Structure formats: structure tokens, C-alpha cells
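Since the structure is predicted, the reported quantities are computational estimates derived from the model, not experimental observations. Every number for a ligand or one of its atoms is a count from 1 in the order of the listing.
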Amino acid sequence: MKLTVIGTGYVGLVTSAIFSHLGHQVIGLDIDEKKIKSLKQGKIPIFEPGLEEFIFKSLRRKKLQFTTDYSQALKGVDVVFICVGTPSKKDGSYDSKFVYASAESIAENLQNYAVIAIKSTVPPSTTNAVKKIIQQKTSVKFDIASCPEFLREGSALDDALNPPRIIIGTETKKAENILIKLHQKIKAPLVATTPQSAQMTKYASNAFLATKISFINSIAILCDKINADIKDVTKGLGLDPRIGQSFLNAGLGYGGSCFPKDTWALISFAKKLGYDFNFLKQVDQVNQDQVEYFISQIKSLYSNSLKGKILTILGLAFKPNTDDIREARSIPLIKQLQKLGAVIHVYDPVAMSHAKKILKNVKFFDSEYTALEKSNGLVLVTEWNQFKKLDLKKVKKLMNQPVILDGRNLFSPQKVKSLGFKYIGIGRQ
Ligand code: UGA
């Protein structure tokens, strides 16, 4: 089938990569000429394991092309995926301007019947707005649809090729059949529904996962107060199959481009519908308060004064295997620690170039060991695999004070204490 993917950001590139890999003819379109020029050479602007190789192979097999030209991209197309960005506005609602702009360009250049499916995460109701925009500008027949994505950064290719489910939201049987055929080679349970339900499924999924994280972080605070171990509690809790083990890792809370933005957007969407989604507001509040909580724990180890203390932040990305620092917990944490007088050293395997644009008066190092020299505390913020394998004996010798402040519960408290470190985790001491 012939597929056009509008937007070459994270979702657009992964979508282009997997459908071309599965044998479809894919055109990736973006209005950013510089980006398209480097994509044509197989250069990927984001860090995602395996993505560059997938794109490169598809380009070589001529299954994938990139262009800025809508008219060329839409010639003979069967399915158009809208994968443009949906940034947050100040009030938390999502900004539809890129989705609507792409709808206008599609309408101006559509030459034959196609299914136009929104993949960007948008509130239910957006499909109607997009449909109207296109109908006003063209007499060419089309069907509108919603195909939300459930990719996680860092494991996006595997998530896309082996998803737990495929959600297809359409208004006609014809569009449904086309989208089912497009996904034929992906083996997963498929839910065929309306666009509204498809989009609600996406919001509900992210809001529910965010809820799990804030819930377990609240339980972790209680564990700290009674000297219980959150890891053991989570293990026992998750063995109930109705609850499950996943997304119950207590820590500094969630970041990234999805959970924070999508919870705010759902709260704002609910408000427009006359419903006060108070519950989800609390989920967001718990997440924001988690950084403050960790700082209060840190302060307690230094007799409440961080003035002049060198704290080494290991990990800036919002999670491992990505260079993405959007809404990363590292940013508010570092800014707060600086306000309290701490001197900040940082190291992250891939996210430092992005962070340099945001963080001021921070010393960046080219390895975790150099960053830890003369440090008064190791502050673990992102649980990169390489940090798990740190040579702690060497670390202890490098540091001025052997203290580990574990914002992701990566280390074993018993092990690090036996090596002579002072240790604080989240919900475990
Ligand atoms: C999330 C969802 O997991 C995807 O299903 C969805 O498609 C995507 O948003 C999206 O809407 O596009 P992502 O933001 O890439 O994916 O990352 P996650 O792996 O879900 O992690 C989000 C945040 O939660 C990270 O900061 C992570 O550290 C934190 N987290 C996750 C926890 O604090 N505890 C956990 O147990 C799990």
C-alpha cells in the first residue's frame, strides 16, 4: 500500500520506518527543508536505538522517500498519517495549529480517495475539526480516522512491531478495512472502533500509567516514614494479576513529552466538557511534588545545608535510552539544588548537548567518573544501564563524601552501605 506520513518527528519517523520495513511504499513529509535534506541522506535528528538503521535500509530498498512537496507525497496515496507535533499551551490544553495546518495542506493537494488518519495524540473531537477543514477545501472523497500510537521512547521499534494492541478508529467500514490491511503483518489484538473512542483510549492509557506512577510514589513516601522497602511492597503488590508489576517503579516521577502533556490536556479537555477531573490533577500534583520530596530527603543528609556542596547528577534524560530532556525531572531538581547553594556537576551518556541550552552554571563532564571527582554526593536521576555497572569502589575513592542519593532506586541499599556509602532512595533506605 502507499502511505504518506506527515511530520518527521519522533512518531512520524518511527511510523515511516516500520511501515516501509513491512514492505509498504512510504513517503515521509515535513515542511522543514533542512531536516528533509539530512533525512534523505539517512541522518536522523533524534536518538532512538535501531531507528537510523531501519531508515537507512528502507531508503536503500527504495521503500521510503522523504519530501517537502505535498502534491508529490499525496499522488496515488492510500493512507495519510498525520504525525505532527501537538505542543501544550500555557493553560495545559493542546495546541492544534500544526494538525490543522497539515489538514489544510492535505486538502489543497489531495488527488484521490484516501484514509486520513491522525496519529498525533489529540483530544477526541479533533477528527471532526480536521474533517471539516478538509471538506471545505476539496471535493475529493476521503475518510477520516484515528490510529493512536503507543510507542515508548527508547524501545519504539519493538513497541511498534510487537504492540500489545492496535487501535483503529474509523467512521466507515471501507476505511476500517484499509487500515486493517495496512496493519496486517503486525500480529496483535485489534480494536476497531470510532475515532472518538480511539483517541479516548490513548488519553486513558497515558493517564492511567501516570496514575500508577504517582500512586506508587505516594506509597514510597509512606514506606520512608515507617522504614519499609518500596521494592518489596511493589513486588508483593504486583503479584496480584489484577494489578501487575509494570509501571510501579517508585522514583523521581514521570517526565517526557507524553505523560505530563497528556494529563494536562485531558484535565483541560474534561473542563471544557464541564467535568472537573480533580483526581488527575492530584496525579499531576504528586508528580510535581516528588522533586521537592527528594530534595527534602537530600537536605536531611547534609544537616539541612547544601551550600557549597558538590552534587553530581548522573542522568539528565527523562528516562534511559533517549536524549530527550522534555519535562525531565533532572531540570527542576538541578534548578532547586542550585537555589539551595549546591554546586552541580553532571554527566549523561547522550542528553548533555540538549541540556547545555537550558542549564546555567552547571559543570558538564565527559564521564561519570570525572563528574564524581571531589563530589559530596552522587545523585542518580536517570537509570542508564551503565550507571548500574558503576565501579563503586573506584567511585568511593574519587568522592569527597561517600553519599548516594538514588532518585530511581537503582542501587541495592545493602550493597552500597556495605561498601561504606551513606544511602537514600525513594521509599527505601
Ligand atoms: C509513554 C507511554 O508509555 C507510551 O505507551 C506512549 O505511546 C507514549 O508515552 C506517548 O504517548 O507517545 P514514554 O513517554 O516514551 O511513553 O515513556 P515511558 O517509558 O512511559 O516513561 C515515562 C516516564 O515515566 C519516564 O520519566 C519514566 O522514568 C517514568 N516511569 C515509568 C516511572 O517513574 N516509573 C515507572 O514505573 C515507569
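Within 6.0 Å of the NZ atom in K2, the count of heavy atoms belonging to other residues, nucleotides or ligands exceeds 12.
Checking side-chain atoms of K309 against main-chain N and O of S375 turns up no donor-acceptor pair under 3.5 Å.
Between F277 and Y275, a ring centre-to-centre spacing shorter than 6.0 Å is recorded. If you look at F19 and F81, their ring centroids are closer than 6.0 Å.
Counting only residues at least two apart or in different chains, side-chain hydrogen bond (donor to acceptor under 3.5 Å, both in side chains) contacts with residues 13-25 comprise S20-S58.
Enumerated by chain and number, the residues approaching ligand 1 to less than 4.0 Å through a heavy atom are E149, F150, L151, R152, E153, K202, N206, I213, F247, L248, N249, G253, Y254, G255, C258, F259, D262, F318, K319, R408.
Side-chain contact annotation: T86 with K261, donor-acceptor N/O pair under 3.5 Å present.
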